[in-house]
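What follows is a single structure, written as structure tokens, with notes after it.
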Amino acid sequence: MFSMIFKDTKSSVGQLISNNLHTMVQSAILGFPRIGPNRELKKTTEAYWKGKVSVEELFKVGKELRAANWKLQKEAGVDIIPSNDFSFYDQVLDLSLLFNAIPERYAKYNLAPIDTFFAMGRGLQKSATETSAAIDVTALEMVKWFDSNYHYVRPTFSHSTEFKLNGQKPVDEFLEAKELGIQTRPVLLGPVSYLFLGKADKDSLDLEPLSLLEKLLPVYAEVLSKLKQAGATEVQLDEPTLVLDLPQEAQQAIKKAYQFFASKASSLPEITLASYFGTVVPNLNALKGLPVAALHFDFVRAPEQFDDVVSIVGDKQKLSVGIIDGRNIWKNNFAKSSEFVKKAIEKLGADRVIVATSSSLLHTPVDLENESKLNPVIKDWFAFATQKVKEVVIVSKNVSGKNVSAELEANAKSVAARAASDITNNPAVKKRVAAIDAKMAQRAAPFDERLIEQQKSLKLPLFPTTTIGSFPQTRDIRINRNKFAKGTISAEEYEKFINAEIETVIRFQEEIGLDVLVHGEPERNDMVQYFGEQLNGYTFTVNGWVQSYGSRYVRPPIIVGDLSRPKPMSVKESVYAQSITTKPVKGMLTGPVTCLRWSFPRDDVEQKTQAYQLALALRDEVNDLEAAGITVIQVDEPAIREGLPLRAGAERDDYVFWAADSFRVATSGVRNSTQIHSHFCYSDLDPNHIKALDADVVSIEYSKKDDPNYIAEFKDYPNHIGLGLFDIHSPRVPSKEEMIHKIETILKDYPASKFWVNPDCGLKTRDWAETKLSLTNMVDAAKYFREQYKK
Ligand code: MET
Ligand SMILES: [Zn+2]
């Protein structure tokens, strides 16, 4: 019936409808989480790795997940639905497989493509069988995806890399959707970002990845033209590197790549070039005049780039307005977003504006409806990926003049309720943060003076040995923690159990001769959640999983309001541990920046304010530990590097300051004789940033680095350091000799008097057998050096 009206263009009703249709602002999703509402992807891939399900079953589940995601978006009324946003491990690794960037060490086994893919992502170890030789290959490097907690598998190129199409995943998935009657916009990481985020392989260190652009472009064009043949009218090419400080060559490469595609325009789908996670303004020249159909920008992270980017949108280009946050869980403010989009419409016209998510929704949990335990008041403030899909549609309808008044009204109510809620606001906390002064962020005496007092009271030997905090989290520990959470064992029974665990850990450490002991953290489910659960201002999901890498998902706690500590959080366990030994036991806390980074933060208060609120809560905890007789206190900050803003400039400088300052607020309330430790893993650190924390001792992940330049960088570090001597992610037991060798190399560049002996990180993922052997060897290595230095 409707089609009849449309065809009758002469009728005035038909004209009106078709005009309206014409001016309808489109809605677009840049990517949807692929893990499934109940972690279906994880369950199947892990079962496949264990040989428990067939490859057919694995593919079937993949197909079902894709179909469900497409249908969900279609039913919500989304105009531009992504495909090829699915991956069994990582979308960047997908491209390496697709373009045949497969290092020989994987290719040589001639595995099925999916197994080569997994081998590159996670390594593969298989003993020989009658029909096949043994396989032993480590994974490609895994790196943080910009400033998110997602990790991608780093493309790794060598002189022998030969790009060619290996399969046609984007085409297959496009056709799969088409068969369901759903037209999609395939998404691929763009060629410049793909190369720029990659690196040269060990055997080709002189290779500059971007120099491969010319070889890579025809292969990209080939897959794009296949997409067009399959019926795709548009594709989304992501170039998030546009938000970094891009060197000239990379800016040139952007121009070159998209001009190349333009030269083949008739055989390719229209291109939307997408940037996200920041402003592109410093790279605006690379974008100006670029022959693509549409440009997408992230206006959630960088609304201030609006005027600049609109000024370079070409006469026929569309602007995709990323306004629904792909990185956080807060309900959108429809009135505000609509206003923002309307500014774009005024400049460009409704037919050239698209309402979109700021980035892929990969970084948000799948569906809020799965959260049965959330306080309904708070739940009303959130939107997960499924809800965000609807938000995009509502905002696009609203700016197109469709009637969505009911939705707008409900939204305005919810936004106002959150702003006024006393769950959100705690005047006492605000007052205390406002009263922080420089003195609170400074220890009473400089390090040299503190050291003398600490040596007097702690009496540690040269090369003091310690661990990073956690000991193996056995099945028994998890079972008992769950029982306690469910109420099937009493608080007394649980405490008895935890104390027994602590005692085991203490006795073991005494036995092998460690110097500064830990209690082992058996009571902690997670180093952030454990503290979050004891603070006011946090809330938690039961199913809010987000992919971190491969089949590893995290469930970040959510900061909903001003943060405060109603009572001590860790004192009981530390005091018990200290009461059963004469050696010092370290108190163990998670630092303000790590608590913030590994949570979903508030979007209504600056991140630094949240960090200072956490710092004050931790300061009270640190002081309580000291008052209870704990003389060494470690405040972990493993996430401090990932929070570093992507670009040099004022925002980064500000972060560097408040990240360190909030740590010092947390740790400076103690006596000179109390020794403050901190710990960092996962990343390359700038020694100056670490120095600013003024911790007495820091431990840093190091074992896999083995880079003399890195040690040299820390040479002038004034306080004490332990560089991690063994990899805690691997079940491998390092020998005493191996660690002696490592220490010897370090001591060439580093003063022995400042050196601590410890592993890379906590031991919670290891088992006891490995832990015993590794730590015994480590302590023996320290003893060896003590003997050497006596002479
Ligand atoms: C990711 S850093 C972990 C530090 C923590 N204290 C542990 O040992 O597990
Ligand atoms: Zn660590």
Side-chain angles (χ1 to χ4, degrees), residues 142 144 149 151 465-474 477-478 481 501-502 505-506 508-509 514 516-532 548-549 552 554-557 569-570 573-574 577 585-599 618 621-622 625 630 632-643 659 663 666-667 675-685 690 693 695 697-705 721-730 756-768 770-771 774-775 778:
M142 194 172 71
K144 269 198 184 293
N149 199 12
H151 303 72
T465 53
T466 191
T467 62
I468 308 305
S470 57
F471 265 73
Q473 289 251 338
T474 57
I477 293 181
R478 270 186 303 245
R481 224 174 23 226
E501 287 297 321
I502 293 174
V505 170
I506 295 284
F508 165 70
Q509 296 174 91
L514 277 152
V516 175
L517 312 192
V518 297
H519 78 281
E521 306 178 21
E523 76 287 8
R524 302 188 187 174
N525 40 14
D526 170 273
M527 63 186 289
V528 174
Q529 189 178 345
Y530 183 73
F531 293 101
S548 173
Y549 64 88
R552 244 325 261 246
V554 294
R555 201 174 33 162
M569 305 181 282
S570 68
E573 291 79 10
S574 288
V585 179
K586 277 194 275 193
M588 280 292 157
L589 304 171
T590 304
V593 177
T594 300
C595 285
L596 177 71
R597 295 294 312 178
W598 290 353
S599 306
L618 287 162
E621 186 73 13
V622 167
L625 282 167
I630 305 299
V632 183
I633 300 167
Q634 177 169 313
V635 179
D636 295 323
E637 281 292 26
I640 203 160
R641 172 64 179 79
E642 74 174 62
F663 177 90
T667 54
Q675 189 166 66
I676 297 291
H677 289 219
S678 189
H679 162 72
F680 316 93
C681 45
Y682 292 125
S683 45
D684 288 325
L685 298 155
I690 303 308
L693 303 186
V697 182
V698 296
S699 59
I700 303 180
E701 172 176 351
Y702 176 74
S703 75
K704 273 176 292 184
K705 222 171 230 111
I721 291 194
L723 294 173
L725 294 174
F726 69 90
D727 179 11
I728 52 82
H729 296 296
S730 167
W756 281 64
V757 170
N758 53 254
D760 270 349
C761 184
L763 298 158
K764 63 175 166 227
T765 57
R766 301 273 51 90
D767 70 26
W768 265 106
E770 300 149 16
T771 299
S774 303
L775 288 180
M778 187 189 86

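Everything numeric here is computed off the predicted structure, so don't read it as measured data. In each ligand, atom 1 is the first atom listed, and ligand 1 is the first ligand listed.
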Is it the side chain, the backbone, both or neither of Pro638 that has a heavy atom closer than 4.0 Å to ligand 1?
-> side chain
Can you tell if the side chain of Phe680 reaches within under 4.5 Å of the side chain of Ile690, non-hydrogen atoms only?
-> yes
Could you list which atoms of ligand 1 come closer than 4.0 Å to a heavy atom of Gly762?
-> 7 (C), 8 (O), 9 (O)
Going by the order shown, which atoms of ligand 1 are within less than 4.0 Å of some heavy atom of Cys681?
-> 1 (C), 2 (S)
Atoms in ligand 1 with a heavy atom of Asp636 nearer than 4.0 Å = 4 (C), 5 (C), 6 (N)
Would you check if Trp598 and Asp526 make a side-chain contact, meaning some heavy-atom pair closer than 4.5 Å?
-> no
Main-chain N/O of Leu763 paired with Ser470 side-chain donor or acceptor, under 3.5 Å = yes
With distance as the sole test, does Gln634 use its side chain to make a donor-acceptor pair with the main-chain N or O of Ile468 at under 3.5 Å?
-> yes
What orientation do Phe508 and Trp768 show, parallel under 30°, tilted 30 to 60°, or perpendicular over 60°?
-> perpendicular
At a 4.0 Å threshold, what atoms of ligand 1 neighbour a non-hydrogen atom of Lys764?
-> 9 (O)
Is the shortest heavy-atom distance from the side chain of Thr594 to the side chain of Phe531 under 4.5 Å?
-> no
Kindly report the NE2-the Zn ion (ligand 2)-SG angle for His679 and Cys761 respectively, rounded to 10°.
-> 120°
For Gln634, is at least one N or O under 3.5 Å away from an N or O on ligand 1?
-> no
Kindly indicate whether the side chain of Glu621, heavy atoms from C-beta on, has any atom under 4.5 Å from the side chain of Ser570.
-> yes
N/O separation below 3.5 Å, Ile468 to ligand 1 | yes
Which of the atoms in ligand 1, numbered in the order shown and given with their element, are less than 4.0 Å from a heavy-atom of Cys761?
-> 1 (C), 2 (S), 3 (C)
Which ligand 1 atoms, with their elements, are less than 4.0 angstrom from a heavy-atom of Gly469?
-> 8 (O)
Nitrogen or oxygen atoms of Ser470 and ligand 1 under 3.5 Å apart | yes
Hey, does Glu521 come in under 3.5 Å of ligand 1, counting only N/O atoms on both sides?
-> yes
Which atom names give the shortest non-hydrogen contact between Asp636 and Met527, and what distance separates them?
-> CB-CE, 3.7 Å
